[in-house]
Amino acid sequence: MKPRVIVGLALIFGALAAIVAFTISGNASLEVKVDELLRQQRSGIDQSQKVYKLTGSVVGDSIRYDAKTLNLQFDIVQDRETLANSLATPPRVTVLYRGARPDTLAHEANAIITGKVTPDGKFAAGSSPDSLLLQCPTKYEAAAEAKP
Amino acid sequence: MLTDVGFYAVILALLVLVYAAGISVVGARRNDDRLVQSGRTAASLAFPLMLIGAAGIWAALLNNDYGVKYVASVSSRATPLFFRLTALWGAQDGSLLFWCLLMSIFVFFAMRRPWREDKSLLPYVTATMALVLAFFIGLTLVSANPFARFDFPPPDGRGLNPLLRHPGMIIHPPVLYAGFTGFIVPFAFCMASLITRRSDDLWLRSSRRWTLVGWVFLTCGLVLGGRWAHDVLGWGGYWAWDPVENKSLVPWLLGTAFLHSAMIQEKRGMFKNWNVALMMLTFGSIVWATAIVRSGVLTSVHAFAQSSMGPIFLGFLVLMLSGMLYFWLTRLDVLKSDNQLDRMFSREGIFLIQNVVFVSSAITVFALTSLPIATEAFSGQRLTVGPPYFNAVVVPQFFVLVVLMGIAPLMAWARANGKTVARQSRVGLFAAALVAALWFVTFTLRDMSFWTVVAALLVGLCAYSLAITLMEFARGTRARMTANRENAPTALARLFGRNQRRYGGYFIHLGVVVLAIGAIGKGFFGGDAIRNVALNDTFTYRGYAFTYRGLQTVPCEFNDCQTLQAALKVTRAEAAPPFAQAGDFVGAIYPHVDRYEVQQFTSTIADITGSFNEEVYVILSAWEDEGASATFTVYINPLINWVWLGGVLMVVGFFLAFWRTAPETVARPVLAPAAGVAGK
């Protein structure tokens, strides 16, 4: 292969890498679990401007849904084990979402929410449908094994 | 009983594969054909043994043997027979066993094929395939044993997840797995060629049809997965750049790049190094993809549960990559090109650029998907990017590919003539301008924005490639009509028959363009809204009127759920020239919610109406006072059916390229400097 072809290829890949490198920080969200988000809140880190991808397990009896206004609210905790093992109320984050209630929203479901922390410490999911995702069926078996 | 037999059969399969790998290498070293043939037979045995293994699980599923943990987690007494059979791939453990079964089928057929001129590759093909398959079987037994039993069996199982009952989900996993596992054959040939230090294209020729088979399964798997997500998950779309979707796309992009660059090696003896690297990358990405889904290392809606497989996969990947790198680096001397790339402005040059774009888009998808793991390793924080960023970085690369698809057929080998290319581009450019203008007037003007203007330009690009591809068919047909005095249909049929790979390939290009147009329609012009409506009231959205006629409970398809069904009448709220008038009836739709008591699960199923060019997709989101009012989510999906049509055309193109009607010879092109006519 001629050197100029190699230079050309290097330029193309380099340009692409540069585009990604320069633009990614403005478009990336921080992936955190419930305990980490709460730890940041406690240590006074300003969360208001950041976009987070928050994961946690849904607390079934906290789910509130208003079919008229489509306002959905539920709490999530660190993970399924926290739900199963805690006798006291484990640390939790309240999630707010507006839209159709997902089928898979149930106790112990693993939720992935993209959004921002509100001034009162709740977590507001974005408006796009993929701002609130619940683990799809293949994940299902873990729940089955947890309660044989 | 049969389940236990199945378990031991799988262990035996693992043992025969280890034997096959060992004895084949010893046979090759000692030049003893008996040992090599023994390895070949042993590797072939894996398939019947894995079939017995799968039959063991099937027997447990059919006999309601809930002592088997896997059976209890995916089946129940209420599960219909057919879904009990498909429950084999309903969850992690069974689907990994099924994956191994499919891989063993490919190994079986590769072993049983006639080995003639490529016999020297046989021992190492056997060894490579046997080792890879043995790893996956070992992984199944150690980390995801579907034969594991409860000490105290439950009286009934949980049943198959209702979301997995869609035909797309019944076919999608086997097809996608076949796509992944099918690449084991070309990969094994590639490794065997490297190990035996061959410099020719024998491995490419011997495995070309297998590569095509793997590719078409992967293509079907991607399209079916999109269709399932669209029909069942209730979000109106088909692609969300989820890690589990991306991991199937990366091998597809690399495999497609390989299919193209392999042609250059066959025709011109170039890109040898590149082809070996691409095949290794493709198979490496398949193992990476499997690791992602099965270890739960990335946050995804689709991923399987967290499992102990991560470190095992990592170990295997490192071992495999080290092996591949060793053989590649120590064989660089035999991988020298027979010819040099003289000019970029040639068929080879366009292929090179196209390959670079395929690989760069694969790397982009891979890097962005792996971003959380990479950033966690370096900074302790997991960074992730969403679909908008993927769209901005990856989709433009796809459109570069669409344009290259239009230019490549016009280029001559070695050295293309600029004037000729420009002359032959005229029809394409005219089509591009015409279609872009029509699109602009019909769609963009209705909803003017920067992005809808971009969409009109992109559709123009698609039209360019479409026109050039159709012209290739027309030119070939006309040439046959003149030379052989054939009528048009005969000439077209014979054109395909005599040049299957070329015209089958062009047909696949047609499918890609149609799919791209569908993606533009849905991506740039789709819309959704949520509306609350009282009984017998009407709401309007995007030119459609939806009248809510009530809610009723109806029997469920398999009598194991309660179905609550809403009735909606959809009419045109405004005229859509030239055919539709305001008030025209569009359809009666019944979006419904299925409630499964055993699984404590609710499934919202959309109903669809509209036309081929514009889909109206409605889900029942909520209701109050026994249906006195209800809330619907409506998605208007322009041209989404073109996405499915594009997928179908790609598969048809595969059959046209694959099905042998006449023996085909790979003629190396006769090169004339500054050839005036596009290369054949």
Side-chain angles (χ1 to χ4, degrees), chain A residues 1-2 4-5 8-9 12-13 15-17 19-20 23-33 36 51-53 55 65-70 79-80 98-107 110 112 114 126 128-131 133-145 147-148, chain B residues 69 72-74 90-93 95 150 154 158 161 163-164 233-237 240 299-306 337 340-341 344 352 356-357 360 363-364 367-368 371-372 381-389 392-393 528 530 532 600-604 619 621-624 629 631 633:
Chain A
M1 205 178 279
K2 290 189 174 176
R4 59 187 171 145
V5 176
L9 293 183
I12 295 173
F13 280 119
L16 190 70
I19 292 169
V20 171
T23 54
I24 205 157
S25 60
N27 290 282
S29 48
L30 202 57
E31 209 174 296
V32 288
K33 289 193 135 196
E36 170 63 17
V51 177
Y52 289 94
K53 190 170 180 181
T55 54
Y65 185 54
D66 182 338
K68 272 238 153 55
T69 61
L70 301 173
D79 48 30
R80 203 174 274 142
R98 188 168 182 277
R101 178 185 165 153
D103 295 336
T104 32
L105 181 69
H107 187 60
N110 202 18
I112 307 162
T114 309
S128 68
D130 53 9
S131 298
L133 299 172
L134 288 128
Q135 217 100 39
C136 105
T138 37
K139 198 87 175 177
Y140 191 61
E141 57 188 313
E145 280 184 5
K147 35 181 177 178
Chain B
K69 285 183 183 173
S73 70
V74 294
Q92 168 99 301
D93 302 358
S95 71
F150 283 122
R158 287 177 59 88
N161 189 302
L163 289 183
L164 299 179
L233 295 184
W235 59 293
T299 310
S300 154
V301 270
H302 301 283
F304 288 93
Q306 292 278 345
S337 284
Q340 279 287 321
L341 179 62
M344 281 304 281
L352 177 64
V356 168
V357 181
S360 75
I363 291 176
T364 317
L368 294 181
L371 189 68
Q381 287 191 322
R382 285 169 77 95
L383 278 180
T384 178
V385 286
Y389 193 71
V393 182
D528 60 272
I530 303 175
N532 185 274
Q600 290 285 299
F601 184 80
T602 307
S603 171
T604 304
I619 57 173
S621 298
W623 59 93
E624 307 89 38
S629 68
T631 305
T633 308

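Letters A, B, ... mirror the listed sequences (proteins, then strands); counts begin at 1. Computed from a prediction, not measured in an experiment: that's the story for all the values here. Basis for what follows: all heavy atoms, side chains included, without hydrogens, waters or symmetry-related copies.
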Discussion item. Does any backbone or side-chain atom of S360(B) lie under 4.5 Å from a heavy atom of chain A? Answer side chain, backbone, both or neither.
Written reply: both
Item to complete: Using non-hydrogen atoms and a 4.5 Å limit, figure out which bit of L70(A) sits close to chain B: side chain, backbone, both or neither.
Response: side chain
Fill in: Which atom of I530(B) lies closest to which atom of A100(A), heavy atoms considered
CD1-N, 4.2 Å
Item to complete: Would you name the heavy atoms of L383(B) and A28(A) that are closest together and state the gap between them?
Response: CD2-CB, 4.1 Å
Worksheet item: At a heavy-atom separation under 4.5 Å, does T384(B) approach chain A through its side chain, its backbone, both, or neither?
Response: both
Worksheet entry | Interatomic distance, E31(A) atom CD to L371(B) atom CG [nearest 0.5 angstrom] | 9.5 Å
Discussion item. Using heavy-atom distances under 4.5 Å, tell me whether Y65(A) contacts chain B through its side chain, its backbone, both, or neither.
Written reply: side chain
Worksheet item: Could you state the interatomic distance from NZ (K53(A)) to CZ (R382(B)), rounded to the nearest 0.5 Å?
Response: 9.0 Å
Worksheet item: Side chain, backbone, both or neither: which part of P388(B) has a heavy atom under 4.5 Å from chain A?
Response: neither
